[in-house]
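Owing to the predicted nature of the structure, the values given are computational and were not obtained by experimental measurement.
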Amino acid sequence: MRNISLCLALAALCAPLFSQTRQERLASHVYYFAADSLKGRQAGTVSAHKAADYIVNEYKSMGLKPFYDDWFLPFSGPGTDAYRDVVAVLEGNDPVLKNQYIVVGAHYDHLGIKNDKIYNGADDNASGSASVIEIARALCEYRDQLKRTVVIAAFDAEEIGLYGSNALARRMLDVDSLDVRLMMSVDMVGWYKASGKLTLEGVSTLKDGRRILKSEKLNLKMVNFEKSILTATDTEGFAKKGVPTLAVTTGLKSPYHKPEDDAELIDYEGLDKVTDYLTDLTIEVASDENFTPSGKVAPKHSDALPVFETGLSLNVGSSHFNFKNAAFDGKTSFSYGAGLSAKLNFGRHSHYALKAEAIYARTSALYPDETNIYSSSLKYKGSELFVPVHLIFQGGGRGSAFLGLGGYYDHRFKASLPVDQTIRTEDYGFSAEFGLRVAKVGMSVIWMSSMVPFFEEESAPSVRQGTALFRISKYF
């Protein structure tokens, strides 16, 4: 592969002595973007600007036009105002459909220099940037077939938080109110041979997506929606505004985010095949009068809540004893458990909900030995079923803080404490929960404080149980 890559690079350097093939042009682009001289293309730097200028020159040579008055769409971000997207356009030919837009984009920035090592980012994302340049070149040749308008975007500042794609999404959708029918992000597509597949995430956002996306030349992995809440690509800014999106990648086989992600490791034959496929796909969706969104949005991209949700939680924390009319509480001891929940949201963007849970917990707490105050504490051990019911006050979406207030019922299946008093099997009290939810994952703390004496005998010490649990929840 190294020899092939070097040959491609030499062929690129010989231009324009002979006409280059697309595969040679792809290699030329990648070797430029991933050269040490560009110092890793850190967002907002002079090196990133050089990459953007290179893209503009390529677009000018094809006869492309800027989408706005200038080639660059500037935007603000962390630390500087020097960030800029490159946005070009091929206007559609249909008098009606030209007012619908297809966006094809890739980020051109990378990580720059860290600890004196250059992170060239050949796969991430010189490969995607090169592919989009060649997609644009092919679309220029077939521009007469395009009924919808195609926007070609090169994004800055993806690596530091998707700022470039979010800036374009705000401009197109919030400011200009354009009808965007598809946004496709081409991100890390240079390792097809090693991966063995091209992954397309977001297939179900398109009506009849699997038929539209099928290929006889590539092994495709079609995923209905983007799922991971820990990762994101440039689709996010568009998807969260209801635009159908496709995240296109050959996966994580390359040494991405490492200094070893260099141009000679790219599978240029595979990159050529991916570019050919994406070119045909773009032409199809830009020319098919019947192409339409499905109306479905990935849960991670939607703030809307289902009317009814179920959940599973894992809980760790502690229990302790409250002594009425005493100046101290008992010492805490470790408790843990798991729970199931059912939640009724009063509307898809409601700020209110009702949640009931069943939490089975193994609890323990320390109780002072009344016969010998100098001895170690006695240990209570219990197996309990807590059933809290809360009115939930929430931010109205999948990414918000929430507060639950209500009460709980507790049944003790087993309860042991080496004292003469009888432990109650039934209990109830006040409870509260506070936490944060992101998509389908939540983190929270629940407090439960008993209103009922722990012992049955009236002559027994006035003691009540309290339990606090930290929990991680998964919603379905």
Side-chain angles (χ1 to χ4, degrees), residues 89-94 96-106 128 131-132 134-153 165 169 172-173 178-189 192 195-227 233-236 238-239 241-251 270-302:
V89 65
L90 291 103
E91 186 174 0
N93 296 293
D94 186 275
V96 175
L97 293 181
K98 71 178 182 180
N99 296 314
Q100 298 177 1
Y101 294 81
I102 306 298
V103 179
V104 181
S131 181
V132 169
E134 290 308 309
I135 292 170
R137 191 186 309 277
L139 293 179
C140 289
E141 297 178 8
Y142 293 94
R143 66 172 72 223
D144 292 342
Q145 297 183 26
L146 306 179
K147 296 180 180 180
R148 294 182 177 87
T149 297
V150 179
V151 173
I152 307 295
S165 52
M172 294 186 71
L173 300 172
L178 300 181
D179 182 6
V180 181
R181 289 302 174 106
L182 174 66
M183 189 279 169
M184 182 165 61
S185 171
V186 187
D187 196 349
M188 295 176 59
V189 289
Y192 177 75
S195 174
K197 60 183 178 296
L198 179 68
T199 300
L200 307 172
E201 296 185 346
V203 174
S204 287
T205 65
L206 311 178
K207 186 176 181 181
D208 204 12
R210 291 184 180 271
R211 177 191 62 80
I212 294 171
L213 299 172
K214 68 180 180 179
S215 172
E216 302 296 331
K217 299 178 181 179
L218 290 176
N219 179 30
L220 301 180
K221 179 183 178 182
M222 298 190 192
V223 181
N224 287 338
F225 300 108
E226 294 179 57
K227 296 179 180 179
T233 187
D234 285 312
T235 56
E236 185 170 283
F238 291 84
K241 297 179 185 297
V243 173
T245 58
L246 281 177
V248 182
T249 182
T250 54
L271 181 57
D272 186 43
K273 292 178 180 179
V274 169
T275 301
D276 184 58
Y277 167 75
L278 295 178
T279 298
D280 291 344
L281 174 60
T282 304
I283 293 172
E284 180 176 358
V285 298
S287 58
D288 182 1
E289 295 180 1
N290 298 317
F291 174 75
T292 185
S294 68
K296 299 177 181 178
V297 180
K300 69 171 286 184
H301 291 144
S302 174

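Of all the heavy atoms in Arg181 and Pro293, the pair that sits closest is NH1-CD, 3.8 Å. Between Phe225 and Ser204 the shortest heavy-atom distance is CZ-CB, 3.6 Å. When all heavy atoms of Ala153 and Val132 are compared, the closest pair comes out as O-CG1, 4.4 Å. Taking all atoms of both residues into account, the shortest heavy-atom contact from Gln145 to Asn93 is N-ND2, 4.2 Å. In terms of heavy-atom proximity, Leu278 sits nearest to Thr282 at O-OG1, 2.8 Å. When every heavy atom of Lys214 is checked against every heavy atom of Arg211, the shortest pair comes out as CG-O, 3.2 Å.
Between the side chain of Arg148 and the backbone N or O of Asp288, at least one donor-acceptor pair lies under 3.5 Å. Side chain of Asn219 to backbone of Gly196: a donor-acceptor contact under 3.5 angstrom is found. When atom types are taken as modelled, the side chain of Ser294 and the backbone of Thr205 share a donor-acceptor pair closer than 3.5 angstrom. Side chain of Ser195 to main chain of Thr250: a donor-acceptor pair is present (N/O by atom type, distance under 3.5 Å, no hydrogens or angles). Proximity of a side-chain donor or acceptor of Thr149 to a complementary backbone N or O of Lys98 within less than 3.5 Å is detected. Using a distance-only test at 3.5 Å, with no hydrogens or angles considered, no donor-acceptor pair links the side chain of Asp187 to the main chain of Thr249. Put simply, the side chain of Thr233 never gets that close to the backbone of Thr235: no donor and acceptor are under 3.5 Å apart. Looking only at distances, no side-chain donor or acceptor of Tyr192 sits under 3.5 Å from a matching main-chain atom of Asp272.
Tyr277 is not listed as a side-chain neighbour of Val189, based on a closest heavy-atom distance of 4.5 Å or more. Residues Lys296 and Asn224 fail the side-chain proximity criterion, which asks for heavy atoms closer than 4.5 Å. With a 4.5 Å cut-off on side-chain heavy atoms, Ile283 and Leu139 count as touching.
Atoms CD and NZ, on Glu226 and Lys300 in that order, are 5.5 Å from each other to the nearest 0.5 Å. The CZ atom of Arg137 sits 14.0 Å away from atom OH of Tyr142, with the distance rounded to the nearest 0.5 Å. The line from CD of Glu201 to NZ of Lys221 is 7.5 Å long, rounded to the nearest 0.5 Å. Distance CE/Met183 to CG/Leu246: 10.0 Å, rounded to 0.5 Å. The distance from atom CG of Leu173 to atom CG of Asp179, rounded to the nearest 0.5 Å, is 9.5 Å. With rounding to the nearest 0.5 Å, the separation of CG in Leu178 from CE in Met172 is 5.0 Å.
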What do the steps show when you test Asp276 against Lys217 for side chain to side chain contact (heavy atoms under 4.5 Å, CB included), and what is the final call?
CA-CA 10 Å; Asp276 184 58; Lys217 299 178 181 179; 3.8 Å; yes

Can Leu281 and Met184 be said to form a side chain to side chain contact (heavy atoms under 4.5 Å, CB included), step by step?
CA-CA 10 Å; Leu281 174 60; Met184 182 165 61; 3.9 Å; yes

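Checked against Val285 for a side chain to side chain contact (heavy atoms under 4.5 Å, CB included), the options Thr292, Leu182, Leu206 give a single hit: Leu182.
In this structure Thr275 satisfies the side chain to side chain contact (heavy atoms under 4.5 Å, CB included) test together with Arg22, Leu26, Ser131, Glu134, Ile135, Leu271, Thr279, sequence neighbours excluded.
Residue-environment remark: NZ (Lys207) stays at or below the threshold of 12 foreign heavy atoms within 6.0 Å.
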